Amino acid sequence: MRLRAARGLAGRALVALGLGAAGCGGEARPWAAYEEPKRRPAPADPSCEGLARSQPGGRWVEGAMRLRVEAGSRLEIADAGVLGGPYEEPIALEVPEGTYALDLVTGEAPGGAGRALCARLRLGPAAAASWRELGDVVLDTDVLVIADGAAYRRTLGPRTGALYAALEADAPAIESLRPELARRGLPLVPIVPTLARASRPLAPGDERLVRDVAAGARGGRARFLVEPASPGWDVLSRLGDGDRAEITFAPGGPPVAVAVEAGRGSGAYAVAAGYGAGGELAALEVRLAP
């Protein structure tokens, strides 16, 4: 899943920024048009409870993660590759300051058993008596992020349209190429075991250098990419080989975001706010099925 995610992120961000991949001579090349994933069909029983009952192997994982929202901030919901970047506005919801628990419904999915089919952030003690859809979140890195918007953006720092050379390959191939690229002045920064980027923005000659070194990869399976500076790098590196993570940028600090790999992969998924019988905000749900 993560290899496809890297390709989807690059195409989406480059189209949003109006950029193309630079060749060895510095000339822009056309980039393939980005096609937004289609919306998944609505679940027959559109709630986490319904999905836990109806999906094969469905079960609740209560309090799987937690998230802190500071005063004056808001919840922001988006794909890992765009939240915090200059690409598009996330779905946002005003919530009181506090620390909130995230419950998951997991089940059988193409990505494997136990992957997330529904995520619910509990925002109050009341049970949700009604739901209102806030819109769709489009995932094409397969990873959903729910974050304290102000803290996430402040901690992550600004992102620009700078482009980086990157390599996509199996982990042994990446490791075999890193010493040679470092020796030739272009160290790689690992993102996940199968993806690494250059330590500085793309410069003239970098593409030829990376392609020449990649041609000697074990098994010839390394693929050259051009990646825009992306907040998705930080999230994917913290996920590692896992399928969920609390994102804490400062040592000992509170988690400012949660990241969940969608069991059904890329697509557009419904985000809904739940309200108690008295109209109070009670929950936020992202329905990552069917």
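Please read these numbers as outputs of a predicted model, since none were measured by experiment. We use all heavy atoms of the structure for the numbers below, so side chains are in, but hydrogens, waters and symmetry mates are not. The first residue in the sequence is number 1, and the count goes up from there.
At distances below 3.5 Å, at least one donor-acceptor pair connects side-chain atoms of Ser73 with backbone N or O atoms of Ala150. The closest donor-acceptor contact from the side chain of Asp206 to the backbone of Ala203 lies under 3.5 Å. Looking only at distances, no side-chain donor or acceptor of Glu175 sits under 3.5 Å from a matching main-chain atom of Ala173. Judged by distance alone, the side chain of Asp142 and the main-chain N or O of Ser266 form a donor-acceptor pair under 3.5 Å.
Of all the heavy atoms in Ala277 and Ala129, the pair that sits closest is N-CB, 3.9 Å. When all heavy atoms of Val210 and Ala165 are compared, the closest pair comes out as CG2-CB, 4.0 Å. The nearest pair of heavy atoms linking Ile174 to Leu167 is CD1-O, 3.6 Å. Nearest heavy-atom pair across Ala262 and Leu139 is CB-CD1, 3.9 Å. When all heavy atoms of Leu281 and Ala273 are compared, the closest pair comes out as CD1-CB, 4.1 Å. In terms of heavy-atom proximity, Gly63 sits nearest to Ala101 at CA-CB, 4.5 Å.
Between Leu117 atom CG and Leu104 atom CG the span is 9.5 Å, to the nearest 0.5 Å. Going from atom OH of Tyr269 over to atom CG of Asp136 covers 11.0 Å, rounded to the nearest 0.5 Å. The line from CG of Leu202 to OH of Tyr164 is 10.5 Å long, rounded to the nearest 0.5 Å. Note: Arg153 CZ to Asp148 CG = 10.5 Å, rounded to the nearest 0.5 Å. For the atom pair CD (Glu168) and CG (Leu225), the distance works out to 5.0 Å, reported to the nearest 0.5 Å. Interatomic distance, Asp79 CG to Leu144 CG, rounded to the nearest 0.5 Å: 8.5 Å.
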Chi angles and distances behind the salt bridge (charged side-chain N to carboxylate O under 4.0 Å, His left out) call for Glu180, Arg184: CA-CA 6 Å; Glu180 177 63 13; Arg184 297 173 67 173; 3.6 Å; yes
Val258/Val145 under side-chain contact (heavy atoms from CB on, under 4.5 Å): CA gap, chis, key distance, verdict: CA-CA 6 Å; Val258 290; Val145 175; over 6 Å; no
Check against side-chain contact (heavy atoms from CB on, under 4.5 Å), Leu284 and Leu75: CA-CA 10 Å; Leu284 173 81; Leu75 278 177; 4.1 Å; yes
Evaluation steps, side-chain contact (heavy atoms from CB on, under 4.5 Å), between Val137 and Val286: CA-CA 8 Å; Val137 59; Val286 186; 4.0 Å; yes
Stepwise side-chain contact (heavy atoms from CB on, under 4.5 Å) test for Leu67 and Leu102: CA-CA 8 Å; Leu67 165 65; Leu102 183 81; over 6 Å; no
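Neither side chain, Arg66 nor Tyr100, offers a donor N or O lying under 3.5 Å from an acceptor on the other.
In this structure, the side chain to side chain contact (heavy atoms under 4.5 Å, CB included) partners of Glu62, at least two apart in sequence or on a different chain, are Asp103, Arg122.
For Arg120 and Trp60, the positive end is not near the middle of the six-membered ring at less than 6.0 Å and at most 45° from its axis.
Using a 4.0 Å cut-off between a side-chain N of Lys or Arg and a carboxylate O of Asp or Glu, Arg211 and Glu207 qualify as a salt bridge. A salt bridge links Glu261 with Arg115: at least one charged nitrogen is closer than 4.0 Å to a carboxylate oxygen. Glu76 has a carboxylate O that lies under 4.0 Å from a charged side-chain N of Arg74, or vice versa, which qualifies the two as a salt bridge. The pair Arg287-Glu285 counts as a salt bridge, with a side-chain nitrogen and a carboxylate oxygen less than 4.0 angstrom apart.
For the pair Arg244 and Thr106, the minimum side-chain heavy-atom distance is below 4.5 Å. Taking the side chain as every heavy atom from C-beta outward, Arg197 and Ile191 approach each other to under 4.5 Å. No side-chain heavy atom of Val213 sits less than 4.5 Å from a side-chain heavy atom of Leu186. For the pair Val256 and Thr248, the minimum side-chain heavy-atom distance is 4.5 Å or more. Tyr275 places none of its side-chain heavy atoms less than 4.5 Å from the side chain of Glu280.
Only one option out of Val69, Val271, Ile77 pairs with Ile146 in a side-chain contact (heavy atoms from CB on, under 4.5 Å); it is Ile77.
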